[in-house]
**Student:** 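Sharing a structure, written as C-alpha cells. Questions coming.
Protein chains get the first letters and strands the later ones, always in sequence-line order, with residue 1 at the start of each.
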Amino acid sequence: MSDILTMVWKESKDVLFQGGWKSLIRPLFVVGIMGIYLPLQFGPQWVDLTPIGMLLLLWIPFFVIISFIGDAIAGERERHTLETLLASRMPDRAILLGKIIATVLYAWGMGVLSLLLGLVLVDLFRTQGNWMFYPLDLFVVALVLILLVSVLGASAGVLISLRVATVRQAQQILSVGTIVFVFGVTFVLRAVPANVFSSLSYAQFLLIAMAVLAVLDAILLGLALVSFQRSRLILS
Amino acid sequence: MAGPIIRTEHLSRFFGTVKAVDDLSLEVPAGIVFGFLGPNGAGKTTTIHLLLGLLEPTQGQASVLGFDTRTQADEIRTRIGALLEFAGLYERMTAEDNLDFYGRISHMPAAERRARIKELLTHLDLWDRRKDPVGNWSRGMKQKLAVARALLHHPPLIFLDEPTAGFDPVAAATLRNDLASLVAREGVTVFLTTHNLTEAEKLCAQVGVIRQGKLLTVGNPDELRLRTGGPQAEIVGHGFNDQTLALLRERPEVANVALHNSHLTIELRGESKIGPLVSLIVRSGGEVEEVRRGKASLEDVFLTLMEEENT
C-alpha cells in the first residue's frame, strides 16, 4: 500500500499539479461549466438529479481524465523516465494502480466539487431562500457513478497509454474512444425496446448502470494489470 | 559478500536472429569499478537489462548479489542503484522531490531521506539548487543528480550505463571526478558500461570488452595491455615516409609500426633500446622532435581487439 501511495504522491507532483495554474485551466473550465453554468441554468431542477443532470455529471471524469491519463505510461516513455522507474524496486501493480488511483481521485474530486458548487449556487441564487439538498440516495448514487466512470476512463487511458509511443497519440485515441463510447451507449439504449425502460424505475435503471460500469471497470483494470509487464515495456 | 557480486554463465539474449548477448560468462568481484567496454550496439545495455531482471535471458543464467536474475529480480532491484541510458529524472519536479521519490520507493524513513539528500546534494554542489525544477538544469547537473539518486539508498552495487555519453570533455571530466570521489567514499561496486576508453582507463580496476554480444576479453587494464600489446615508442617529427616504415619493420626488435600524421608509433618486442631506431629514422631523412616510451593505451588494446575480431 505504501508503494501505491508513493506513486500517487509522485503523480500529484509530476503530472496533476505540475504546471501550476496553467495545468488547472482545463479541469477548472469543466468545473465552471458543470458546477456553475449548468446548475444556474437548470435551477432547482438541478438539485433533483434528474437523468439529464446525472448524464451531464458523468462527463466530468472524461473531460478531466483525457488531460492527464495519456501521460501515465506514454509520458514516462516519452520523457525517458520509464526505464529508470522499471529498474527500481517499485512493484508493477503499485506503478499501475498508483497512476490510476491518482487520476481517479483527481477526476472524482472535480466531480464532487462540481456537485457541491452547483448545490450551493442553486441554493444561493435560484431557490428564493428555500434551502434544498440533493436527495440523499441519488447523491450517493451520483458519487458512486462518477467514481465508476473515473475508474473506467483511467483504466482505458492506462491501457491505451501502455500501447502508444506518445502522450499526444494517447490523448487522441482516448478522445475518439470517449466519443465512440458515448455514441455506443446511446445506440444500445435506443435499441432496447421502450417497454423495458418503462418497466424500470429510475433507481433500478441507475443500479443496472452501476453494475454494468463496475463489470467494465473490472475488465479494463484486469486487462491493464495483465498488460503491464516490465520486459515488454523495456523493449518498447 | 564472499565471491563475485555479479556472475553470468553462458548468458544469451536473442531478438529474433540478432544475438544481442551471446554466451557471456563473466565474474565481477565486489568493491571495484568494472568497465564493460564495447562499441555502440555491442550488447552493453542489453546485458544491464538482463542483470536487472528486466529482460529474460534466452539461454544461460546470471546472479547479482547472489540473487538469480530470473527468479529473484525484485530482490536485485531492491538492492542496486542504476543510472541507465537516460538520466530518468522528472523534469517538472524539483531536484529534492526527484530524490525524495526514489527514497520513498526504497522505503527510507523520512528523516533518513532528508539527511541523505542533503549529504549527497551538498557533496555534489547541488544543495542550493534543490528547489529548482530539474528541467531548468544543465545536462551535467542532471547527470550528477542521477548519480546521487543511484546512490541514495546506500546500494552495494550500482549500474552506470554510459554516464558521460554526449558530454563535452570538460563536463565529462567533472562528472568523472565527482563519480570517482563518490564511489570511493561510498565503497560501492560499480558496473560501468562505456565506449569512452579514457573514462575506463581512469575509473576501472577491471574491464571486459564486448562486441556483437560476445565477450572478447576481461582483465585489469595493465593485463590487457600486456596481452594485446607490448612496450611502445612514440616518435613525433617530420619527413617520415614509406621507406622509414619499411626500414623499421625490418628490425628484429620492432613488432609493428604505424604512422598517424606526424606520430610514429612503434610496438617493440621486449624492453628494446630506442636509440638505434631513432638513428635509423634520422638516416632515412626523418626529423625527430620528440621521443616517448610508453605502454599501449586502453584504446590501442580496444582497437586491436576489434581488428582481431574483424579478421
Side-chain angles (χ1 to χ4, degrees), chain A residues 1-24 67-68 70-99 101-102 106 165 167 228-236, chain B residues 13 15-16 20 45-46 48-57 69-70 72-94 96-98 100-109 113 133-135 142 145-146 149-150 152-153 155 158-161:
Chain A
M1 190 61 195
S2 75
D3 289 330
I4 293 175
L5 290 178
T6 296
M7 276 312 295
V8 172
W9 175 86
K10 180 253 152 190
E11 289 298 300
S12 69
K13 292 251 174 188
D14 182 39
V15 181
L16 301 182
F17 302 108
Q18 40 84 19
W21 281 104
K22 272 186 193 168
S23 65
L24 293 176
S67 312
F68 298 111
D71 213 273
I73 306 295
E76 296 249 11
R77 190 184 288 131
E78 204 172 82
R79 294 189 295 274
H80 304 297
T81 51
L82 185 62
E83 191 189 19
T84 304
L85 182 61
L86 296 177
S88 75
R89 60 154 295 285
M90 184 64 91
D92 293 1
R93 287 192 169 199
I95 296 174
L96 194 74
L97 292 176
K99 285 177 178 291
I101 289 170
Y106 194 66
V167 177
F228 192 97
Q229 289 172 12
R230 274 178 149 86
S231 56
R232 194 187 291 172
L233 286 169
I234 208 82
L235 290 174
S236 69
Chain B
R13 172 71 200 204
F15 298 107
T45 300
T46 305
I48 287 191
H49 287 164
L50 288 166
L51 294 175
L52 294 178
L54 295 171
L55 285 176
E56 286 259 317
T69 57
R70 249 185 237 264
Q72 296 170 300
D74 290 342
E75 300 294 334
I76 294 168
R77 290 194 289 264
T78 300
R79 288 166 175 80
I80 60 93
L83 194 181
L84 303 176
E85 196 177 354
F86 296 97
L89 297 165
Y90 295 98
E91 302 217 334
R92 298 178 296 209
M93 286 164 62
T94 65
E96 199 171 32
D97 283 343
N98 265 283
D100 199 29
F101 173 51
Y102 276 89
R104 285 167 189 248
I105 287 179
S106 299
H107 294 173
M108 291 170 78
R113 258 187 349 250
V134 173
K142 286 180 194 171
L145 183 64
R149 183 196 57 211
L152 186 70
H153 57 297
I158 60 170
F159 290 88
L160 304 175
D161 193 359

**Student:** Go through the atoms of Leu52(B) and report whether side chain, backbone, both or neither lie under 4.5 Å from a heavy atom of chain A.
**Tutor:**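 Just the side chain, heavy atoms under 4.5 Å.
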
**Student:** Would you indicate whether the side-chain heavy atoms of Arg149(B) and Thr84(A) approach each other to under 4.5 Å?
**Tutor:**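 Contact flag for Thr84(A)/Arg149(B) side chains = yes.
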
**Student:** Check whether Glu76(A) gets within reach of chain B through its side chain, its backbone, both or neither, counting any heavy atom under 4.5 Å.
**Tutor:**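 When you check distances to chain B, only side chain atoms of Glu76(A) fall under 4.5 Å.
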
**Student:** Can you measure from OH (Tyr90(B)) to CZ (Arg79(A)) and round to the nearest 0.5 angstrom?
**Tutor:**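 Those atoms lie 8.5 Å apart.
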
**Student:** Could you tell me whether the side chain of His107(B) reaches within less than 4.5 Å of the side chain of Ser2(A), counting heavy atoms only?
**Tutor:**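 Yes. Closest side-chain heavy atoms under 4.5 Å.
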
**Student:** Between Ser231(A) and Leu55(B), which heavy-atom pair has the shortest distance, and what is it?
**Tutor:**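 Looking at all heavy atoms of both residues, the shortest contact is O-CD2, 4.1 Å.
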
**Student:** In terms of heavy-atom proximity below 4.5 Å to chain A, should Glu91(B) be classed as side chain, backbone, both, or neither?
**Tutor:**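 For Glu91(B), neither part sits under 4.5 Å from chain A.
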
**Student:** Return the option, out of Thr78(B), Ile105(B), Thr94(B), with the maximum number of heavy-atom pairs under 4.5 Å with chain A.
**Tutor:**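 Of Thr78(B), Ile105(B), Thr94(B), Ile105(B) has the most heavy-atom pairs under 4.5 Å with chain A.
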
**Student:** For Thr6(A), is it the side chain, the backbone, both or neither that has a heavy atom under 4.5 Å from a heavy atom of chain B?
**Tutor:**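 Its backbone and side chain both get close to chain B.
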
**Student:** Heavy-atom distance under 4.5 Å to chain A: side chain of Ala87(B), backbone, both or neither?
**Tutor:**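 The backbone, not the side chain.
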
**Student:** Is there a side-chain contact between Arg89(A) and Tyr102(B) in this structure, where contact means two heavy atoms from C-beta onward sitting under 4.5 Å apart?
**Tutor:**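 Arg89(A) vs Tyr102(B): side chains apart.
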
**Student:** Please give me the minimum heavy-atom distance between Glu85(B) and Glu83(A), naming the atom from each residue.
**Tutor:**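 Residues Glu85(B) and Glu83(A), closest heavy atoms: N-OE1, 3.9 Å.
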
**Student:** Where does Ser106(B) contact chain A at under 4.5 Å (heavy atoms): side chain, backbone, both or neither?
**Tutor:**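 Contact with chain A: backbone only.
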
**Student:** In the structure I gave you, are the side-chain heavy atoms of Lys10(A) and Arg104(B) within less than 4.5 Å of one another anywhere?
**Tutor:**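 The answer is no, as the side chains (C-beta and beyond) never meet within the 4.5 Å cut-off.
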
**Student:** Starting at OG1 of Thr81(A), measure out to CG of Leu89(B) and round the result to the nearest 0.5 Å.
**Tutor:**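 That separation rounds to 9.0 Å.
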
**Student:** Just so I understand: if I count every heavy-atom pair under 4.5 Å between each of Met90(A), His80(A), Arg230(A), Gln229(A) and chain B, which residue has the most?
**Tutor:**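 Heavy-atom pairs under 4.5 Å are most numerous for His80(A).
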
**Student:** State whether the number of non-hydrogen atoms from other residues, nucleotides or ligands found under 6.0 Å of Arg93(A) atom CZ is greater than 12.
**Tutor:**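 12 or below, so no.
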
**Student:** Do Asp14(A) and Asp97(B) touch side chain to side chain, with heavy atoms closer than 4.5 Å?
**Tutor:**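 Sidechains of Asp97(B) and Asp14(A): no contact.
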
**Student:** What's the spacing between Leu82(A) CG and Leu84(B) CG if we round to 0.5 Å?
**Tutor:**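 Answer for the CG-CG pair, Leu82(A) versus Leu84(B), is 11.0 Å.
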
**Student:** What part of Phe159(B) gets closer than 4.5 Å to chain A, counting heavy atoms only: side chain, backbone, both or neither?
**Tutor:**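 Interface part for Phe159(B): neither.
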
**Student:** Pick one of side chain, backbone, both or neither for Leu85(A), based on which atoms fall under 4.5 Å of a heavy atom in chain B.
**Tutor:**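 Contact with chain B is through both the backbone and side chain of Leu85(A).
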
**Student:** Need one label for Leu83(B): side chain, backbone, both or neither, based on atoms under 4.5 Å from any heavy atom in chain A.
**Tutor:**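 Neither part; nothing is under 4.5 Å.
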
